Amino acid sequence: MATPAPQAEIPWWQKYLARGVGCGGGIIAMGLGVVSCITLTPLCVVAGIWQMIAAFIVISAEAPCCCMFVEFVQRYSAWVESRAHWQKAVFYVLISLPAIIMCAGISTIFGSGLIFLCGILYGLMALGKKGSREDMIAAAHTSTRPGNMKDVLVDGASLSPA
């Protein structure tokens, strides 16, 4: 089994929040996908099927105990767990968008929106912790010295020896 990739140190509650939104949002998205399929518009039927497939992918990655009778889910979940947070964020955001684009109904917007929210939470986890106050003050002082930009942009040609 592959060892998980080193992730930035993030609070425990943020990990569980993303997993909870992924699991709960996936279950809700699956139910709303069924509701979206009950229509006469063919594109909304396709959007509902897409939403149910996306929900299954998210549930099997975030809560493999919900799908323990499907053979490949344990390996798939371990593989997803070894991915970086930004990769999960991009993947979840991308699989949530087609259903909303195909049929912009309340069930697809809310259901796929929860999968989108899970992707956003993983994106925030990928950004990592905010710098300390002292680090931010030091960075602000070094980048905003008076005359620094003028010296480089305007007088930069005259500073080089000829």
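Below, each value reflects all heavy atoms present in this structure, side chains not excepted, and no hydrogens, waters or symmetry copies. Here the structure is a predicted model, which means the values were calculated and not measured.
Taking all atoms of both residues into account, the shortest heavy-atom contact from Ile59 to Ile27 is CD1-N, 3.4 Å. For the pair Gly22 and Cys118, the tightest heavy-atom approach, listed with the atom from each and the gap, is CA-SG, 3.6 Å.
Here the OH-NE2 distance, from Tyr122 to His85, works out to 7.0 Å after rounding to the nearest 0.5 Å. The CD1 atom of Ile28 sits 10.0 Å away from atom SG of Cys23, with the distance rounded to the nearest 0.5 Å.
Judged as a side-chain hydrogen bond (donor to acceptor under 3.5 Å, both in side chains), and not counting sequence neighbours, the contacts of Arg19 are Glu81. Take Gln14 and apply the side-chain contact (heavy atoms from CB on, under 4.5 Å) test, not counting sequence neighbours, and it matches Ile10, Pro11, Leu124, Met125. With sequence neighbours excluded, the residues satisfying side-chain contact (heavy atoms from CB on, under 4.5 Å) with Phe91 are Ile57, Tyr76, Ile95. Qualifying side-chain contact (heavy atoms from CB on, under 4.5 Å) partners for Trp12, counting only residues two or more places apart in sequence or in other chains: Tyr16.
Hydrophobic clustering places Ile115 together with Ile53 (ILVMFWY residues linked when any side-chain heavy atoms are closer than 4.5 Å, directly or through intermediates). Linking ILVMFWY residues whenever their side-chain heavy atoms come closer than 4.5 Å, directly or via other members, leaves Phe56 and Val46 in distinct clusters.
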Hey, can you pull the donor-acceptor pairs under 3.5 Å for the side chains in residues 33-45, sequence neighbours left out?
unit_1	atom_1	unit_2	atom_2	d
Ser36	OG	Cys44	O	3.3
Thr39	OG1	Thr41	N	3.4

Using a 3.5 Å cut-off and no angle test, enumerate the donor-acceptor pairs between side-chain atoms of residues 96-113 and protein atoms at least two apart in sequence or in another chain.
unit_1	atom_1	unit_2	atom_2	d
Ser96	OG	Tyr92	O	3.4
Ser96	OG	Val93	O	2.8
Thr108	OG1	Cys103	O	2.4
Thr108	OG1	Gly105	N	3.1
Thr108	OG1	Gly105	O	3.1

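No option in Cys65, Ser82, Pro64, Ser60 other than Pro64 meets the side chain to side chain contact (heavy atoms under 4.5 Å, CB included) test with Ser77.
Sorted by first then second residue, the side-chain hydrogen bond (donor to acceptor under 3.5 Å, both in side chains) pairs that include residues 46-56, not counting sequence neighbours, number zero.
Hydrophobic clustering, defined by side-chain heavy atoms of Ile, Leu, Val, Met, Phe, Trp and Tyr closer than 4.5 Å, leaves Ile137 isolated from every other such residue.
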